[in-house]
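First the structure, in the form of structure tokens, and then the observations on it.
Residues: numbered from 1 along the sequence shown.
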Amino acid sequence: MPRTRTVVAVVALLTGCAGESLAKSDIDTLRIMSETEVRAIAVDHRVGVAHPMQTVTVERLENLGIQNVGQALTRMAGTQVRDYGGIGGMKTVSVHSLGASHTGVVYDGVPVSDCQAGQVDLGRFFTDNLGEVALSVGHEDDLLMSASSLASAAMVRISTATPRFASDKARNALRVTLKAGSWGEVSPTVMYARKLKNDDFIGVNATYQRADGHYPFTIENGDETLDYTRNNTDIECGRAELNYHHAKGADTRLDVKGYGFVSERGLPGPVIYYNNVSRERLFDANAFVQACLTKRWGTRWQLQTRAKYNYSYNRYDDTNSKWAGGHRRDQYVQHEGYVSATALWSPHRLLDLSLAEDVRLNTLAMRLGSTTHEPNPTRLLSLTSLQARLALPHLTVNASLLLTAAKESVRMGRAMDIPARLSPSLALTVRPWTAERFFIRAMYKEAYRQPSFNELYYDRIGNTDLKPERATEWSVGLAWEKHVGMVRLSLTADGYFHRVSDKMVAMPGVYVWKMMNIGRADIGGLDATMDLRWEIARGIGCEIDASYTYQHATDETEATQESYRHLLPYTPRHSGNLSATVTTPWVSMGWNMQAMGERYAMKVNTEANKMGGFTVHDLNLWHEFGIKVGTLRAQLSICNIADRQYDIIHFYPMPGRHVRGTVTLTL
């Protein structure tokens with residue numbers, strides 16, 4: 001009490017003296033301080049999270065000439081992006097060799113799924129309209145996330161960019177981009193946004209892309225070097241989005257998205273010596289509408305609801321003498337309905353609790369060639385999660401429990417019997433010293449994935465006796481961040497061990513291959529990242545990012561098998577990425593290097609199956625011009641500068657040196 005009175009007395013004295021001085025002074029003697037600009041580099045929020053997390057922003061995507069989400073993920077530690085070559089080749093990502101089906105994808109807060117294949121093609125998400133791409137091992141620390149986001153062993157979060165209006169009074173924002181490059185690549189993009197009232201806006205964006213992709217490559221056949229041109233690599237596709245955003249203060253937010261995508265592309269086949277012919281074609285059409293509503297009541301309650309309807313059509317054509325009549329056509333139609341709700345309660349400033357419920361209904365109609373095998377499965381899936389977070393001054397504990405239950409039916413044949421399962425996770429973050437942004441973190445998580453409809457019901461190869469594939473994750477790591485003036489340095493290192501059980505693999509039978517649960521894999525490794533931001537002077541900045549992965553992933557299925565304790569296919573022991581950008585008022589430059597060590601294309605690690613390591617370098621130069629109506633940005637990208645020939649998937653050669661020019665007008 002005496003201390004309180006003293007403080008009050010001092011404040012009163014100072015206030016009285018200031019008032020008396022002002023009353024006695026002449027108004028003309030008042031001096032107003034000149035405007036002062038305070039500059040600082042933002043804190044790296046990835047450092048303090050419990051689950052290892054990596055992000056790349058829209059500015060970084062632009063400066064490094066990254067075209068799609070698949071390319072963005074190659075920059076991150078612990079990822080393996082499957083790329084079959086070609087301008088529009090399919091791109092899927094496996095994190096820590098767990099498999100692409102264990103990687104979940106969330107687009108603007110709502111999950112993206114594919115019940116047919118069980119994995120999402122990330123090549124169709126162009127970066128022109130994106131704000132950020134994030135990768136989390138386990139899941140993110142957000143307690144408002146959906147139950148579906150907890151189900152995967154790793155999660156990719158894709159966020160749409162918020163429109164940038166020229167000023168607070170501006171009502172319209174327009175951005176037009178044109179890209180043109182080697183092998184017939186042309187890709188225009190238009191983005192328009194209209195501010196409605198307060199912080200509300202409506203935006204539309206559309207992208208078209210076409211390319212023939214006929215790039216050259218060579219084959220070494222003994223002493224003979226053969227020059228070829230890749231064929232059947234053309235693509236023509238279009239994407240359009242409509243976004244609506246409504247906010248009422250800080251308590252209510254509504255986001256609605258309509259999405260449409262259509263593409264026709266060739267599927268380049270494997271190149272084996274003299275065979276460079278492929279006539280496989282793929283046609284895709286996808287449309288969905290989704291909404292996400294977030295509501296807050298005071299400081300204790302929050303509710304987030306999501307809803308989505310998704311339609312997908314896929315047609316595969318192949319002209320080949322191996323088919324009856326010389327042609328085969330497979331067609332698939334997917335329908336999905338999805339609803340979700342997450343309630344967050346904060347009973348105490350140190351404790352948060354959330355309960356989430358997701359319900360998803362998937363149907364797949366399939367017509368496979370000329371067969372009458374049309375099971376047309378339907379799956380009703382329920383996911384219920386309970387999460388808790390305890391945030392103490394030096395310790396944060398995140399815990400979750402996920403219940404998965406499903407019911408399946410088919411029009412023809414026998415449906416899979418899916419058992420319910422509980423999946424727990426626990427993550428800890430320790431901050432030993434409050435004054436330092438240094439964290440020690442550890443994580444344990446159980447995840448499991450259900451078989452895709454292809455794995456269960458595809459003609460002859462499908463097996464309805466499959467069990468869900470289980471993954472168990474352990475990791476422990478360190479994260480540190482330091483600010484010195486206009487320099488910020490962030491470092492992370494995470495060691496991990498994962499085990500995949502009941503792994504689903506295709507095994508040869510008496511007459512045909514069959515999907516079976518016979519696999520087990522042990523995966524251990526280390527992910528390390530570095531992020532440096534340095535504002536050298538006004539308008540001149542430097543950014544350096546580095547990621548490194550050491551991984552030892554082995555087949556532990558059966559001691560009698562030839563592949564026992566051999567490295568899993570396409571899992572190098574060493575891989576990494578290094579990128580640097582320097583921005584100046586004149587010409588800015590970005591450089592990126594991707595490196596991958598030796599790996600094996602098959603389960604048995606023989607010399608014949610070994611694939612050599614490689615490094616690929618890309619260079620980007622750009623400049624922004626101020627014009628009367630806005631800004632004009634011109635960029636030149638030179639990809640694979642050294643013209644290195646390499647394969648990510650064996651016998652699927654990647655493009656050599658190629659260039660791309662980009663012009664962007666922002667009004």
Side-chain angles (χ1 to χ4, degrees), residues 99-105 110-120 146-153 286 288 306-314 330-340 356-368 371-385 402-423 446-471 500-507 512-519:
S101 298
H102 280 285
T103 304
V105 179
V110 182
V112 180
S113 65
D114 186 327
C115 64
Q116 175 194 339
Q119 52 195 22
V120 178
S146 65
S148 297
S149 300
L150 285 168
S152 302
N286 179 226
F288 66 76
R306 309 161 196 85
K308 179 178 182 179
Y309 167 73
N310 179 71
Y311 166 85
S312 180
Y313 172 79
N314 175 275
D330 295 344
Q331 298 181 82
Y332 304 86
V333 177
Q334 296 184 48
H335 293 275
E336 178 184 86
Y338 169 80
V339 291
S340 170
E357 173 64 29
D358 288 18
V359 176
R360 177 182 285 115
L361 178 65
N362 291 101
T363 66
L364 176 66
M366 58 175 67
R367 177 165 294 180
L368 307 177
T371 69
T372 58
H373 180 75
E374 298 178 5
N376 293 357
T378 298
R379 177 180 292 170
L380 180 62
L381 178 66
S382 171
L383 297 137
T384 308
S385 69
L402 176 70
L403 173 64
T404 304
K407 179 66 177 177
E408 202 153 296
S409 62
V410 292
R411 193 184 71 175
M412 178 187 298
R414 183 171 68 88
M416 176 191 181
D417 184 19
I418 305 176
R421 185 176 180 87
L422 282 172
S423 304
E446 292 183 11
Y448 88 115
R449 76 167 185 93
Q450 297 167 350
S452 68
F453 282 161
N454 277 355
E455 291 167 329
L456 291 169
Y457 305 110
Y458 190 76
D459 188 19
R460 294 185 296 176
I461 197 173
N463 182 4
T464 55
D465 291 325
L466 288 175
K467 295 182 291 184
E469 190 174 287
R470 296 175 293 137
V500 181
S501 304
D502 291 329
K503 194 170 180 63
M504 289 174 266
V505 295
M507 295 295 295
V512 296
W513 289 62
K514 201 78 170 175
M515 296 299 302
M516 296 183 181
N517 289 106
I518 63 169

Restricting to non-hydrogen atoms, name the atom on [X] and the atom on [Y] that form the minimum distance, rounded to 0.1 Å.
X: Ala405; Y: Ala420; answer: CB-CB, 4.3 Å
X: Ser423; Y: Tyr448; answer: OG-CD2, 4.0 Å
X: Ala151; Y: Leu402; answer: CA-CD2, 3.6 Å
X: Ala447; Y: Ser152; answer: CB-C, 4.2 Å

Against Asp358, only a single residue in Ser385, Ser149, Ser148 fulfils side chain to side chain donor-acceptor pair (under 3.5 Å); can you say which?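 In the set Ser385, Ser149, Ser148, the residue that makes a side chain to side chain donor-acceptor pair (under 3.5 Å) with Asp358 is Ser148.
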
Considering residues, nucleotides and ligands other than Arg421, do more than 12 of their heavy atoms fall under 6.0 Å from its CZ? yes

Any [X] side-chain heavy atom under 4.5 Å of [Y] side chain:
X: Glu408; Y: Gln450; answer: no
X: Pro468; Y: Met416; answer: yes
X: Cys115; Y: Glu336; answer: no
X: Met504; Y: Pro451; answer: yes
X: Pro111; Y: Ser146; answer: yes

Measuring from atom [atom1] of [X] to atom [atom2] of [Y], what distance do you get when rounded to the nearest 0.5 angstrom?
X: Leu456; Y: Asn463; atom1: CG; atom2: CG; value: 8.0 Å
X: Ile418; Y: Thr404; atom1: CD1; atom2: OG1; value: 10.0 Å
X: Asn376; Y: Met366; atom1: CG; atom2: CE; value: 7.0 Å
X: Thr384; Y: Glu357; atom1: OG1; atom2: CD; value: 3.5 Å
X: Asn286; Y: Asn310; atom1: CG; atom2: CG; value: 5.0 Å
X: Thr378; Y: Lys407; atom1: OG1; atom2: NZ; value: 12.0 Å

Listed by chain and number, what are the salt bridge (charged side-chain N to carboxylate O under 4.0 Å, His left out) partners of Arg449, not counting sequence neighbours?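 For Arg449 the salt bridge (charged side-chain N to carboxylate O under 4.0 Å, His left out) partners, ignoring immediate neighbours, are Glu455, Glu469.
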
Taking only residues two or more places apart in sequence, or in another chain, which ones meet Asp502 in a salt bridge (charged side-chain N to carboxylate O under 4.0 Å, His left out)? Lys467, Arg470

Plane angle bin for Tyr332 and Tyr458 - parallel if under 30°, tilted between 30 and 60°, otherwise perpendicular: parallel

Full working for side-chain contact (heavy atoms from CB on, under 4.5 Å) between Val359 and Leu380: CA-CA 7 Å; Val359 176; Leu380 180 62; 4.0 Å; yes

Begin with the C-alpha distance, continue with both residues' side-chain angles, and end with the deciding distance and a verdict on side-chain contact (heavy atoms from CB on, under 4.5 Å) for Ser113 and Tyr338. CA-CA 10 Å; Ser113 65; Tyr338 169 80; over 6 Å; no

Checking Gln119 against Asp114 for the side-chain contact (heavy atoms from CB on, under 4.5 Å) test, could you report, in this order, the C-alpha distance in whole Å, the side-chain angles of both residues, the deciding distance, and whether it holds? CA-CA 6 Å; Gln119 52 195 22; Asp114 186 327; over 6 Å; no

